[in-house]
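Letters A, B, ... mirror the listed sequences (proteins, then strands); counts begin at 1.
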Amino acid sequence: MGLPFRDLVSPQQLDWPALAGRRLAVDAYNAIYQFLATIRQRDGQPFSDAAGRPTSHLIGVFYRTTALLGQGVLPIWVFDGRPPDLKAGTLRARFVAKERAESEWKEALAAGDLETAKRKAAATSRLTRGMAEECQELLTALGVPVIRAPSEGEAQAAAMAAQGQAWAAASEDYDCLLFGAPRLVRGLAARGQRSGSPGAQVIDRAELLAALGISSEELLLIGLLVGTDFNDGAPGVGPKKALTLVRRHLGWEATLAAAGLDAAELTPVAEVFRHPEVAEVPPPVFGPVDDGAVERLLVEGHGFSPERIRAAIGRARRRPPVAASPAENHGRQTLIEAFGGDAP
DNA sequence: CACAGTTA
DNA sequence: TAACTGTGG
């Protein structure tokens, strides 16, 4: 899945006030897949409405978004378009892995092993076109901008951060860094309004390169060596070995050759990262929550509890004040700007 | 995942 | 108030 960069990066912890007033280009598919994997019952069965239609994606998107807004964080949800042709192999492998997890889930259930069952069930998650559209509809009703990327959502999110339309890209996958995001926000689980709640971690791309002593192209090389969604990587080479090799600064061809990879074959893969297919998008605008539309979708459409929905919308409206001093406010958007000059 | 109710 | 546990759909 994502690049194994955990051992290479040293993230900086951010509390909620540090994120307030900032726009985040959220990798929607990454977040929703996590919701589908984790918002499940004890036996691994996903949540569903009375008609048996899944609702885990809606629960996750709704509560994540209202929690972020309640913290003053401004999420722009960026959805995937058509995957690059080079991803076909990865997509096939994922399909096979899901089939396998499906049978292992059933086996665990038959054996009465609920813990394994839930873990296997998580790996069967499928995000359908209809589910993505439903999430987009919900987000629009919440007054939150939705971007449909032409191709990879992470690439679009990275581009938006690079262009300053967002402060950072938000994803659990490190791929955003290869796509050029200047900052990557991870761990965006918005554990309530509670004091001392964790907030999130940020990885600054320039700081990362400086700390590792490598260039942008060399970071891409590490990706190619360990493998991405678009290539297999060198056998036996993980992040540590890849970094050691890249630090010899042998250059593009020699580095790949040293790991037994064919540079010519990897040029199109590198191009996906260097020049990803992204769209120019208008400045994202946040609007007011359309209570009626949210309730129609969640309460009437899927049997959510109206009390819970109203309570969460209320929390989303109760945003913290914008940063106190101009210095602290640097790089942030005031809530009046964010809400199209119509702050409540 | 995030909420809500419970417990100490 | 914080930590824990069951529930939501």
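Distance check, rounded to the nearest 0.5 Å: NE2 of A/H57 to CZ of A/F35 gives 11.5 Å. A/Q34 CD to A/Y29 OH: the interatomic distance, rounded to the nearest 0.5 Å, is 15.5 Å. The CD atom of A/E102 lies 12.5 Å from the NZ atom of A/K120; values are rounded to the nearest 0.5 Å.
A straight line from CG of A/L114 to P of C/dG6 spans 13 Å, rounded to a whole angstrom. Taking atom CG of A/L68 as the reference point, atom P of B/dC3 lies 10 Å away to the nearest angstrom. Nucleotide B/dC1 holds its P atom 18 Å from the NE2 atom of A/H57, rounded to whole Å. As rounded to whole Å, 17 Å separates atom P of C/dT7 from atom CD of A/Q45. When rounded to the nearest whole Å, the span between CZ of A/R42 and C1' of C/dG6 equals 8 Å. Look at CG on A/L138: it is 19 Å from P on B/dC1, rounded to the nearest Å. Atom CZ in A/F62 sits about 10 Å away from atom P in C/dG9, given to the nearest Å. Look at CD on A/Q71: it is 13 Å from C1' on B/dA2, rounded to the nearest Å.
For A/R315 and B/dC3, the shortest distance from a side-chain N or O to OP1 or OP2 is below 4.0 Å. Side-chain N/O atoms of A/R64 include one lying less than 4.0 angstrom from OP1 or OP2 on B/dA2.
Base engagement by A/Q41 is indicated by at least one non-hydrogen atom pair under 4.0 Å involving a base atom. Using a 4.0 Å heavy-atom criterion, one finds that A/P46 contacts the bases of the nucleic acid, with or without backbone contacts as well. Counting non-hydrogen atoms under 4.0 angstrom, A/T55 reaches the backbone sugars and phosphates but no base.
For A/R42, the salt bridge (Lys or Arg N to Asp or Glu O under 4.0 Å) test picks out no residue, with sequence neighbours left out. The side chain to side chain contact (heavy atoms under 4.5 Å, CB included) search around A/R40 returns A/P46, A/W105, A/K118, A/A121, A/T124, A/S125, not counting sequence neighbours.
Here the options are A/D290, A/D291, A/L69, the test is side-chain contact (heavy atoms from CB on, under 4.5 Å), and the partner is A/I313; only A/D291 passes.
Across C/dG9, C/dG8, B/dA2, the shortest atom-to-atom separation from the side chain of A/I39 is found for C/dG8.
When ring centroids are compared, A/F304 and A/F62 stay outside the 6.0 Å threshold.
Near-neighbour residues of DNA chain C inside residues 296-311 of chain A, defined by a heavy atom below 4.0 Å, number-ordered: A/H302, A/F304, A/S305, A/R308.
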